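Reading through the structure tokens given below for one structure.
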Number of protein chains: 2
Amino acid sequence: MVTMLDVSREAGVSSATVSRVLTGSAEVDPKTRMLVLAAVEKLGYRPNLVARGLRRQASQVIALIITDIENPFYTAVCRGVEDSARLAGYSVILCNADRDIEKEREYLRVVEDQNASGIIISPASAHRTDISNLVARGLPVIAVDMALAAATGSVLVDNKDAGALATNHLIGKGCTRIACITGPAENSTAADRVEGYRRAIAEAGIQEEPKLVIYANYLEDGGYKATRRLLGLKTRPDGLFVTNNRMAVGALRALQEMGVSIPDDINIIGFDELPWALELHPYLSLVRQPAYRIGQEAARLLIACIRKEEPVKHVILDAELVARDRRPLAKARKKPAKATIT
Amino acid sequence: MVTMLDVSREAGVSSATVSRVLTGSAEVDPKTRMLVLAAVEKLGYRPNLVARGLRRQASQVIALIITDIENPFYTAVCRGVEDSARLAGYSVILCNADRDIEKEREYLRVVEDQNASGIIISPASAHRTDISNLVARGLPVIAVDMALAAATGSVLVDNKDAGALATNHLIGKGCTRIACITGPAENSTAADRVEGYRRAIAEAGIQEEPKLVIYANYLEDGGYKATRRLLGLKTRPDGLFVTNNRMAVGALRALQEMGVSIPDDINIIGFDELPWALELHPYLSLVRQPAYRIGQEAARLLIACIRKEEPVKHVILDAELVARDRRPLAKARKKPAKATIT
DNA sequence: TTGTAGGCGTTATCAC
DNA sequence: GTGATAACGCCTACAA
């Protein structure tokens, strides 16, 4: 390994000068500078980031803890984070907590021990995810997907509005018995989407039916079982709002199996992209979070916090309605997501 | 931050002893040991991994560089790697190279600078991905998905066999004009799958038609365009082998749009899972790589190499045929993947 | 502008 | 079995 000392000897200067040239932390005589750069070039020197991290007490690494790496929503968030972080010279440690609060806790510890400069997290739980000691230590934490009281900042959509948006789409289609399949009851995001649903049907003067709201697990099988249950009711729903993408797949499969036709027998709206299924399934409308932008924004915000230069800490992005009627792959409206800032 | 020095003072011993207790690197008097552990507990001390990494010249971090984070095959590999690494006490830095050789090169550099203990990579290119200096430095590199001559080890499937397996499935269905849509020509994995295809049709006594083999980009639009081209031929193919999952989506969409019925007008077989689309599409058979196991195995192998305790360096896993005829979600045969070891 | 020296928190070597 | 002490490679006062 070639160290700064090697470079300094090669250039005939002290290692302090090499450091100054490389970090730009102080003025250096242009001639010396050239000497140093030549030596760096010649020896192929690259700074040891571990040593630098130890010395500076700050790495150039941020951690991204996501809920479900097999969910395309989160992978899109990842891409946004990574692209944005990379531009700013940060590396990303990605951790997949798998909706498991224990695994998440473990990752939070590891990430702290690795001296990450900051954390972006889609929390497993709004009240059980504990980041208080990280924040206390001054580590910035940005929450995405789900609000977290203790977080330094957040990039979220208004899930209540999004839930209402979805529901109103069904109402606009003439549905009057609208069911809703949402995530675990203790999941605040899932709860918000249902609340939006309730608001929308109330505003439309539709009587709420408790049986039509089912709390499931945000996975395919949960959506599948919930849909079968709904189809087993004496009076079937004529509209269905599924609050996450993986459950929507399960729902579609159940409908397919039972020979229920979309949109003739039932209208359905999902939540978030299903890159694969979507292209093949003509009638699935959905409300879409700007996943990539959420990631980008979160990284931008985090890095600003790390550099202590950001007044804006909480960003709300708009979810958009993607209404699909006939053709598969109808071009989605390209409404640029607006940002609300607080 | 509480350091080892704090602990040593609390316990009334030297920091060297604390280190010995924590790492188990030498015998320590049971009583002292207890004292130290009590102090650790009391102060909530946790070792600083950066300092440890600097001193030991080895982190507990492995890097995983994948080709396409939006491809469910690679996310499944990720899960395998992560689960396996975590069990062994390693953290994972995930990098998404996006099939971009430059981005990949940059990540390889970063990862080296961060002093990762080892690397698992699905290379962007068999001959342009350059890991020689890493290997020269003694960093173990495990290749997955695509062979890499310089790699320390690898976990792969035999793509030629897998290509033949897929093609034979179509032949068994009675297809006689079988087309193949594969990845970029310079991609060795794509080339291998085509070679398997060629072998299979030759063995079946079918005359090869150059027009029926199309090299595309491993993405949806590539599969889509290639399929449209194939359907524009005077004599349409009656069988189609698509060598990757994302292109299969494009192919299915093209078939759907042009009103070509599966399996009446054409038989199709894909490669690798499409967790979402698959459930909704009844007639897509496929050849599946054991993605999760590939990841697990790669991590196991890598960690063994890091610990210098592994004679076995190259693992070949079997791809399996998932034949789907009628019902969506026909239970896939649970043939346990066999491992061939060299 | 440049060099010297000390320390970031840990572990390894050497004495005792 | 335990304690000083010196690194690991870098950065930053401070001094020159």
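All chains are named by letter (A, B, ...) in the order of the sequence lines, taking the proteins before the strands, and each is independently numbered beginning at 1. A quick note: this is a predicted structure, and the numbers were derived from the prediction, not measured.
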Over 12 foreign heavy atoms within 6.0 Å of CZ, B:Arg33 | no
Under 3.5 Å: donor-acceptor pair, side chain of A:Gln60, backbone of A:Gly89 = yes
Just by modelled atom types, is the B:Asp145 backbone N or O under 3.5 Å from a matching donor or acceptor in the B:Thr189 side chain?
-> yes
Salt-bridge test for A:Glu82 and A:Arg79: reply yes if a basic N is under 4.0 Å from a carboxylate O, no otherwise.
-> no
Protein-nucleotide distance (B:Glu27, atom CD; D:dG3, atom C1'), rounded to Å | 17 Å
Enter the distance from A:Ser154:OG to A:Leu301:CG here, rounded to the nearest 0.5 Å.
-> 8.0 Å
Could you tell me which residues satisfy side chain to side chain donor-acceptor pair (under 3.5 Å) with A:Asp130, sequence neighbours excluded, listed by chain and number?
-> A:Ser132
Counterpart residues, side chain to side chain donor-acceptor pair (under 3.5 Å), relative to A:Thr67 (two or more places apart) | A:Ser122
What pairs with A:Arg52 under salt bridge (Lys or Arg N to Asp or Glu O under 4.0 Å), at least two apart in sequence or on another chain?
-> none
Report yes if the side chains of A:Phe73 and A:Ile294 come closer than 4.5 Å at any heavy-atom pair, otherwise no.
-> yes
Check whether any side-chain heavy atom of A:Thr23 sits under 4.5 Å from a side-chain heavy atom of A:Arg56, and report yes or no.
-> yes
For DNA chain C, which nucleotides open and close the run of contacts to chain A, 5' to 3', at under 4.0 angstrom from a non-hydrogen atom?
-> C:dT1 to C:dG9
Reading nucleotides 8-16 of chain D from 5' to 3' and marking B where a protein heavy atom lies under 4.0 Å of the base, S where only the sugar-phosphate is that close, and - otherwise, the string is BBBBBB---
Looking at five pairs on each end of the helix from C:dT1-D:dA16 to C:dC16-D:dG1, what is the angle between the two axes, given to 10 degrees?
-> 40°
